[in-house]
**Q** 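Dumping the structure here so I can ask a few things about it.
Since we're looking at a predicted model, the values are computed, not measured.
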Amino acid sequence: MEYIPAKHLLHRSRSTEWFGTDHTMNLYRGCCHGCLYCDSRSDCYQPGEFDTVLAKEDALRILRDDLARKVRPAFIAMGSMSDPYNPFEEELQLTRHALELIDAYGCGAAVATKSDLIVRDIDILTSIQRHSPVICKLTVTAADNALAAKIEPNAPPPSRRLAALEKLSGAGLFAGVLLMPVLPFLEDRDETVLAVVQAAVRAGAKFIYPAFGVTMRQGQREYFLDGLERAFPGQGLKARYLRQYGDRYQCGSPRAGALWKVFAAACREQGILYDMKSIIRAATLGYGDRQLTFFD
């Protein structure tokens, strides 16, 4: 494992609209899941060799110092740029020890991952949830393992993520699914979306939050479109994306409106939360005013 320097681990969010979190934290840089659509590859983030995972040097001391400066508990998003449960985490345990610090300083955590390794830390997540909000977010863009293997070639299959979701939910944690991105012309079918909803319901999900489309920035766009050509040869997906979206960043599915109606109806029928305000309200209920300010 190579290490890179860092001055701070906690970074204030511009708003609390994303699952109610007010800070972000990434202990690692880069990811080896190989997802074709990953926005973190974009040139604007200067990702370097994104497929090579690097750890932040002296991360736990830096996090401890950042947490010690708070005057109110933070609600920290983990996994915004790099998956906190990459394969190296099993040995390094930076994420586990970071959660221990978050617990010790009375803060909350919202963790996004494609790995079932998160179940290892159920004990700490449960301890955090006793005093602060916890949201466990498992990304599942399709319930079909074979389809996911082409789009997310090195990530654990959806079946393992859904099994992890079942364990998290069974432990009483507030857990659900990020149904994003739903790739146009590949995953934006009613039956594909409904299969994720049904699988999430069976796993005990509290919520499913969707995005019916994908983003394409400079750097990431080329990787994504070339990857589609390799994964789905002969289907002309690259040309179809370029005709439909050109150099646009937000690339919504042409079926987004129809998908939303089908998806929302299924969620309402199953009692699953699916809009952000309702998810935040349910996740933070009973924890009071947790707005955080740092000393300058």
**Q** Would you say the side chain of D116 lies within less than 4.5 Å of the side chain of P156, judging by non-hydrogen atoms?
**A**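 Sidechains of D116 and P156: in contact.
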
**Q** Under the 6.0 Å and 45° cation-pi test, does K137 pair with F19?
**A**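 Pair K137/F19 counts as cation-pi.
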
**Q** For E100 and I124, which heavy atoms make the closest approach, and how far apart are they?
**A**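 Taking E100 first and I124 second, the nearest heavy atoms are CG-CD1, 3.4 Å.
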
**Q** Do R217 and D43 have side-chain heavy atoms sitting under 4.5 Å apart?
**A**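 The answer is no, as the side chains (C-beta and beyond) never meet within the 4.5 Å cut-off.
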
**Q** When you compare the side chain of D144 with that of P158, does any pair of heavy atoms fall below 4.5 Å?
**A**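 No, their side chains stay 4.5 Å or more apart.
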
**Q** Give a yes or no on this: more than 12 heavy atoms of other residues, nucleotides or ligands lie within 6.0 Å of atom CD of E222.
**A**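 More than 12 within 6.0 Å, yes.
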
**Q** Looking only at non-hydrogen atoms, find the nearest pair between L178 and A112 and report the distance.
**A**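 Residues L178 and A112, closest heavy atoms: CD1-CB, 4.1 Å.
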
**Q** Are the side chain of Q220 and the backbone of L36 linked by a donor-acceptor contact shorter than 3.5 Å?
**A**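 Looks like no, no N/O pair under 3.5 Å.
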
**Q** Do side-chain atoms of S42 reach the backbone of G219 as a donor and acceptor pair under 3.5 angstrom?
**A**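 Pair absent, no side-chain N/O of S42 close to backbone of G219.
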
**Q** Is the backbone N or O of V182 less than 3.5 Å from a side-chain atom of T141, with the two atoms forming a donor-acceptor pair by type?
**A**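 Not a single qualifying donor-acceptor pair exists.
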
**Q** So do the side chains of L60 and R64 get within less than 4.5 Å of each other, counting heavy atoms only?
**A**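 Side chain of L60 against side chain of R64, heavy atoms only: no contact under 4.5 Å found.
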
**Q** For N26 and S82, which I'm curious about, is there any donor-acceptor pair between the side chains at under 3.5 Å?
**A**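 No pair is found: no donor N or O on one side chain lies under 3.5 Å from an acceptor on the other.
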
**Q** Quick one: do the D66 and H8 side chains pair a donor with an acceptor below 3.5 Å?
**A**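 On atom types as modelled, these side chains qualify, holding a pair under 3.5 Å.
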
**Q** Anything under 3.5 Å between a donor and an acceptor, one on a side chain of residues 166-174, the other on a protein residue two or more places apart or in another chain? List them.
**A**
unit_1	atom_1	unit_2	atom_2	d
S169	OG	L165	O	3.0
S169	OG	G204	O	3.0

**Q** We want to know whether D22 and S13 form a side-chain donor-acceptor pair, criterion being a heavy-atom distance below 3.5 angstrom.
**A**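 Short answer, no.
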
**Q** Can you name the side-chain contact (heavy atoms from CB on, under 4.5 Å) partners of Q93, sequence neighbours left out?
**A**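 Partners of Q93 by the side-chain contact (heavy atoms from CB on, under 4.5 Å) criterion, ordered by chain and then number, come out as E89, R96, H97, R120.
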
**Q** Is V193 close to F212 at the side-chain level, that is, under 4.5 Å between some pair of heavy atoms?
**A**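 They are in contact (side-chain heavy atoms under 4.5 Å apart), so the answer is yes.
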
**Q** Can you find a pair of side-chain heavy atoms, one from V119 and one from I122, that are under 4.5 Å apart?
**A**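 Sidechains of I122 and V119: in contact.
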
**Q** Checking D190 against R255 for the side chain to side chain contact (heavy atoms under 4.5 Å, CB included) test, could you report, in this order, the C-alpha distance in whole Å, the side-chain angles of both residues, the deciding distance, and whether it holds?
**A** CA-CA 9 Å; D190 291 1; R255 300 199 64 249; 3.0 Å; yes

**Q** Answer yes or no: does atom CD of E2 have more than 12 heavy-atom neighbours from other residues, nucleotides or ligands under 6.0 Å?
**A**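 Result for CD/E2: open.
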
**Q** Can you confirm whether or not the ring centre of Y274 sits under 6.0 Å from the ring centre of W260?
**A**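 Yes, they do, as the ring centres are separated by less than 6.0 Å.
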
**Q** For residues F263 and L179, determine if any side-chain heavy atom of one lies less than 4.5 Å from a side-chain heavy atom of the other.
**A**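 Sidechains of L179 and F263: in contact.
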
**Q** What's the verdict on side chain to side chain contact (heavy atoms under 4.5 Å, CB included) for C107 and L67, showing C-alpha distance, side-chain angles and the deciding distance?
**A** CA-CA 9 Å; C107 296; L67 289 167; 3.8 Å; yes

**Q** Would R41 and F50 count as a cation-pi pair here, with the cationic atom under 6.0 angstrom from the ring centre and within 45° of the axis?
**A**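 Judged by the rule, R41 and F50 form no cation-pi pair.
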
**Q** Just do the side chain to side chain donor-acceptor pair (under 3.5 Å) check on S115 and N86 with the steps written out, would you?
**A** CA-CA 7 Å; S115 175; N86 64 72; over 6 Å; no

**Q** Do D121 and Y85 pair up side chain to side chain, a donor and an acceptor below 3.5 Å, judged on atom types alone?
**A**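 On atom types as modelled, these side chains qualify, holding a pair under 3.5 Å.
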
**Q** So for atom CD, which belongs to E17, do other residues, nucleotides or ligands contribute more than 12 heavy atoms lying within a distance under 6.0 Å?
**A**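 At most 12 heavy atoms, drawn from other residues, nucleotides or ligands, come within 6.0 Å of this atom.
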
**Q** Apply the test side chain to side chain contact (heavy atoms under 4.5 Å, CB included) to residues H33 and K114: give CA-CA distance (whole Å), side-chain angles for both, the deciding distance (0.1 Å), then the verdict.
**A** CA-CA 8 Å; H33 285 161; K114 289 188 179 80; 4.1 Å; yes

**Q** Do Y249 and M216 come within less than 4.5 Å of each other through their side chains, counting heavy atoms only?
**A**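 Sidechains of M216 and Y249: no contact.
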
**Q** Checking D58 against Y3 for the side chain to side chain donor-acceptor pair (under 3.5 Å) test, could you report, in this order, the C-alpha distance in whole Å, the side-chain angles of both residues, the deciding distance, and whether it holds?
**A** CA-CA 9 Å; D58 209 12; Y3 291 82; over 6 Å; no

**Q** Which is it for S278 and D275 under the side chain to side chain donor-acceptor pair (under 3.5 Å) test, yes or no, and what are the steps along the way?
**A** CA-CA 6 Å; S278 296; D275 69 279; 2.8 Å; yes

**Q** Would you say the side chains of D103 and H131 form a donor-acceptor pair under 3.5 Å?
**A**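 A donor-acceptor contact under 3.5 Å links the two side chains.
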
**Q** Assess the pair F185 and Y241: is the distance between their ring centroids shorter than 6.0 Å?
**A**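 Aromatic pair counts; centres sit under 6.0 Å.
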
**Q** Would one find more than 12 heavy atoms of other residues, nucleotides or ligands at under 6.0 Å from atom CD of E91?
**A**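 Incorrect, the count does not exceed 12.
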
